[in-house]
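Note that the structure is predicted; figures quoted are calculated from it, not measured. In this chain, residues are counted from 1 in sequence order. Start at 1 and go down the list; that is how both ligands and their atoms are numbered.
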Amino acid sequence: MNGGYLTIMNRIIYVDNAATTPLSKSVLDAMMPFFTERYGNASSLYSVGREAKRHLELARESAAQCLGAQPSEFFFTSGGSESDNWAILGTAHSMAAQGKKHIITSRFEHHAVLHTCEELEKEGFSVTYLDVHEDGILRPKELEDAIRPDTALVTVMYANNEIGTIQPIAEIGKICKEHGVIFHTDAVQAAGALPIDVKEQNIDLLSLSAHKFHGPKGVGGLYVRRGLNLSNLIYGGAQERGRRAGTENVAGAVGLAAALKETRDGMEERNARLTQMRDRLIDGLLNIERSRLNGDRNRRLPGNVNLCFEDVEGESLLLMLDAKGICASSGSACTAGSVDPSHVLLALGLTREMARGSLRITLSEQNTQEDVDEILAVLPPIVERLRTLSPPIIVCP
Ligand SMILES: *Cc1c(COP(=O)(O)O)cnc(C)c1O
């Protein structure tokens, strides 16, 4: 697959794969017919529609299989944010009828989860936000202790989008099952990078998004365990067996399935290569004085590097890297442009000053050892320069 991606400019070193990934060429090829001759509405009865429907269902089967789920348990959505919203709001609203209005989550979830939980608090639900420890990993015992008789849902991400730390999902799933609590995991960063088996891991609801694993943007999926009561989020037509309205995005669904399958094949080999490049970057960059690694050294996504440099402003660092053709991030793409330090880094216990000097580098299989060499050569002098140039950082309280 290497070299098969569509690149805009050859000179660019793209290391922001947690924000989005380039579309795989073979995925684009699989999708193409559904933009052209196979344009039928999958809900129409005539042949062109039936043909679209057939491919939609093939995509569903393939995607479900990659998760260890049944096709009837997999629903296509518009992306990770919708899947998270649907899982959380749908569970909360259906469980409220049974008097269960308590939700447990963690402080370092994606905003698609945190802001949804905050909305539910306004509706009268109560939410427990678990602390993550300095290693960026949640303690299952603390989660278990937080479960109450009125707990409806636990929502904990599989892998974090900023620091890449991997949560003990199977252990959490087991605890939730024992206590009769529904378990949702935002697996948007994990899908395509880590093995998923919803039955083995006792997952009731799982969100994923195609553009995070070399699929197209604007299409995602939600696994919903059979028999689970979930209110609808989007009302309208009877698509997705009456549970998610809207004309089916057949090209997107085909792309999601193709990308998920492609990333699952050869995962182990690819992860070994990514881990080696990741560790080379971490070792090299930690040689820079007054730097620190955020999140556990090993229990993190194979391609995730997240560091802080004292007395450096993250945004300036990104601009200087950009001038060298290197696309990286200071944390989450969603908070880029805002001056607030990352809520994830603050949840780890970092000071606001330290959190402002963060840099996230996320690799994909498209990256090469030369990319790593280039970053290792370019970054240290940039950090040094910024430290001598920049006035002391003023952080608003
Ligand atoms: C990207 C991301 C989302 C949002 O997915 P979209 O498809 O962009 O809406 C949600 N959760 C995590 C962990 C993510 O990385």
- Could you pull out the closest heavy-atom pair between H343 and R107, with the gap in Å? CD2-O, 3.5 Å

- Task: Measure the distance from atom 1 (C) of ligand 1 to every protein heavy atom, then report the residue, atom name and distance (to 0.1 Å) of the closest one.
- Result: K212 NZ, 1.4 Å

- Message: Which of the numbered atoms in ligand 1 are under 4.0 angstrom from any heavy atom belonging to S209?
- Response: 6 (P), 7 (O)

- Ionic contact status for R299 with D135, cut-off 4.0 Å: yes

- Pairing of D373 and R280 as salt bridge, 4.0 angstrom limit: yes

- Task: Apply side chain to side chain contact (heavy atoms under 4.5 Å, CB included) to the pair D145 and L143, showing each step before the final yes or no.
- Result: CA-CA 5 Å; D145 291 345; L143 185 145; over 6 Å; no

- Please state which protein non-hydrogen atom is closest to atom 9 (O) of ligand 1 and give its distance, to 0.1 Å? S81 OG, 2.7 Å

- Message: Heavy-atom distances under 4.0 Å decide this one: backbone, side chain, both or neither, for D84 against ligand 1?
- Response: side chain

- Given that the side chain starts at C-beta and the backbone is N, CA, C, O, which of these parts of K217 lies under 4.0 Å from ligand 1, counting heavy atoms, or is it both or neither? neither

- Message: Starting from atom 3 (C) of ligand 1, what is the nearest protein heavy atom, named by residue and atom, and what distance separates them?
- Response: H110 NE2, 3.5 Å

- Specify whether H111 and H115 have parallel, tilted or perpendicular ring planes, treating 30° as the upper limit for parallel and 60° as the lower limit for perpendicular. parallel

- Note on the structure: Note: H211, heavy atoms under 4.0 Å from ligand 1, region reported as side chain

- Numbered atoms of ligand 1 (with element) below 4.0 Å of G80, judged on heavy atoms: 5 (O), 6 (P), 7 (O), 9 (O)

- Task: Report yes or no: do T151 and H179 form a side-chain donor-acceptor pair below 3.5 Å?
- Result: no

- Message: Polar contacts were defined as any N/O atom of the residue lying under 3.5 Å from an N/O atom of the ligand; does this apply to M157 and ligand 1?
- Response: no

- Message: Out of all atoms in ligand 1, which are within 4.0 Å of some heavy atom of G79? Include the element for each.
- Response: 7 (O)

- Apply salt bridge (Lys or Arg N to Asp or Glu O under 4.0 Å) to the pair K199 and E73, showing each step before the final yes or no. CA-CA 12 Å; K199 307 288 164 187; E73 297 174 309; 2.9 Å; yes

- Answer with yes or no whether the side chains of E109 and T155 bring together a donor and an acceptor at under 3.5 Å. no

- Which protein heavy atom lies closest to atom 11 (N) of ligand 1, and at what distance to 0.1 Å? D186 OD2, 2.7 Å

